[in-house]
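So you know, we letter chains A, B, ... as the sequences are listed, proteins then strands, and number each from 1.
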Amino acid sequence: MVETTKTSQDRIWQVIHQIPHGKVATYGQVALLAGMPSHARLVGRILSQLPSETKLPWHRVLNSQGRITNPGRERQQSRLEAEGVTLINGRVSLKVYGWEP
DNA sequence: TGTTTGACGGACA
DNA sequence: CTGTCCGCCAAAC
């Protein structure tokens, strides 16, 4: 099958889909793993366009400070806690929950 | 084809 | 600790 040029969006989706349950990754990390260093903002833009029925664990993506930066942070927080990720003062300890591929 | 945008990152005060 | 500023650069307009 011919690999048509995948959009960066496809790669980013694929990377996020690899984040293990109960772990979290940063935007910069996702961009890096997608082969696009310094494109953290692009990751955020793409996530903002995700359909509500998406299968992607977008809630496991945080900023470099382990903080939720998104319009529906409260909902994201409950999803994370439902996976065993504890937030302290609206923050996640990347030291503990950071995804290390 | 040019300009603006942005779920970021990191440095600095 | 909080807030501000600038750099990055594809996508959206």
Side-chain angles (χ1 to χ4, degrees):
Chain A
M1 85 191 241
V2 284
E3 275 304 330
T4 53
T5 308
K6 280 189 176 178
T7 61
S8 50
Q9 174 180 104
D10 289 322
R11 291 189 233 178
I12 290 171
W13 279 345
Q14 208 151 13
V15 172
I16 295 176
H17 196 264
Q18 295 174 54
I19 304 176
H21 178 279
K23 298 272 183 165
V24 298
T26 68
Y27 293 94
Q29 186 176 13
V30 172
L32 185 66
L33 292 173
M36 308 179 75
S38 76
H39 279 66
R41 308 180 76 159
L42 186 53
V43 176
R45 179 190 295 286
I46 290 170
L47 289 192
S48 71
Q49 296 171 359
L50 282 177
S52 52
E53 60 268 47
T54 183
K55 234 18 178 110
L56 289 174
W58 57 270
H59 52 274
R60 295 182 191 149
V61 184
L62 310 172
N63 69 9
S64 64
Q65 297 174 31
R67 214 188 255 287
I68 297 175
T69 316
N70 120 16
R73 46 188 148 152
E74 292 182 12
R75 198 178 64 190
Q76 179 169 10
Q77 180 172 339
S78 18
R79 279 177 182 250
L80 287 173
E81 296 189 322
E83 297 193 344
V85 178
T86 304
L87 281 81
I88 300 173
N89 295 326
R91 230 162 145 171
V92 174
S93 173
L94 296 176
K95 185 90 170 182
V96 177
Y97 302 105
W99 175 41
E100 296 166 23

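The stretch residues 81-101 of chain A comes close to DNA chain C through A:R91, each having a heavy atom under 4.0 Å from the strand.
Using a 4.5 Å heavy-atom threshold, the side chains of A:Y97 and A:L80 count as separate. Looking only at side-chain heavy atoms (C-beta outward), A:L33 and A:W99 come within less than 4.5 Å of each other. Two residues are said to be in side-chain contact when any heavy atoms from C-beta on lie closer than 4.5 Å; A:R60 and A:I16 fail this criterion.
Scanning both residues, A:I68 and A:R73, for their nearest heavy atoms gives CG2-CB, 3.4 Å. Scanning all heavy atoms of the two residues, the minimum distance from A:G98 to A:K23 falls at O-CD, 3.9 Å.
At distances below 3.5 Å, not a single donor-acceptor pair connects side-chain atoms of A:Q65 with backbone N or O atoms of A:R91. The closest donor-acceptor contact from the side chain of A:S78 to the backbone of A:R75 lies under 3.5 Å. Although no hydrogens or angles enter the test, the distance criterion places a donor-acceptor pair under 3.5 Å between the side chain of A:Q18 and the main chain of A:Q14.
Heavy atoms of A:Q29 sit nowhere under 4.0 angstrom from any nucleic acid atom. Across all strands, A:P37 comes closer than 4.0 Å to no nucleic acid atom at all (heavy-atom distances). Across all strands shown, A:L47 has heavy atoms under 4.0 Å from base atoms, whether or not it also approaches the sugar-phosphate.
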Donor-acceptor contacts, no H, no angles, side chain residues 36-49 of chain A, under 3.5 Å, sequence neighbours left out:
residue	atom	partner	partner atom	Å
A:H39	ND1	A:P37	O	3.0
A:S48	OG	A:R45	O	2.4

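The distance between atom CG of A:L80 and atom C1' of B:dA7, rounded to the nearest whole Å, is 13 Å. Atoms CG (A:L62) and P (B:dG9) sit 9 Å apart, rounded to a whole Å. To the nearest angstrom, C1' of B:dC8 lies 14 Å from CG of A:L32. Summarising the geometry, the separation between CZ on A:R45 and P on B:dT4 is reported as 14 Å, rounded to the nearest angstrom. Across the protein-nucleic acid pair, A:I46 atom CD1 and B:dG6 atom P stand 15 Å apart, rounded to whole Å. For the pair A:Q65 CD and B:dG10 P, the interatomic distance rounds to 9 Å; values are reported in whole Å. When the C1' atom of B:dC8 is taken as reference, atom OH of A:Y27 falls 9 Å away, rounded to whole Å. Note: CG (A:L42) to C1' (B:dG9) measures 15 Å, nearest angstrom.
Side-chain N/O atoms of A:S48 include none lying less than 4.0 angstrom from OP1 or OP2 on B:dG6. One finds a side-chain N or O of A:T69 lying less than 4.0 angstrom from the OP1 or OP2 phosphate oxygen of B:dC8.
Of the two residues contacting DNA chain C, namely A:H39 and A:Q49, the nearest-nucleotide position lying further toward the 5' end is that of A:H39.
In summary, contact between chain A and DNA chain C, defined as any nucleotide atom under 4.0 Å from a heavy atom of the protein, begins and ends at C:dC1 to C:dA12 in the 5' to 3' direction.
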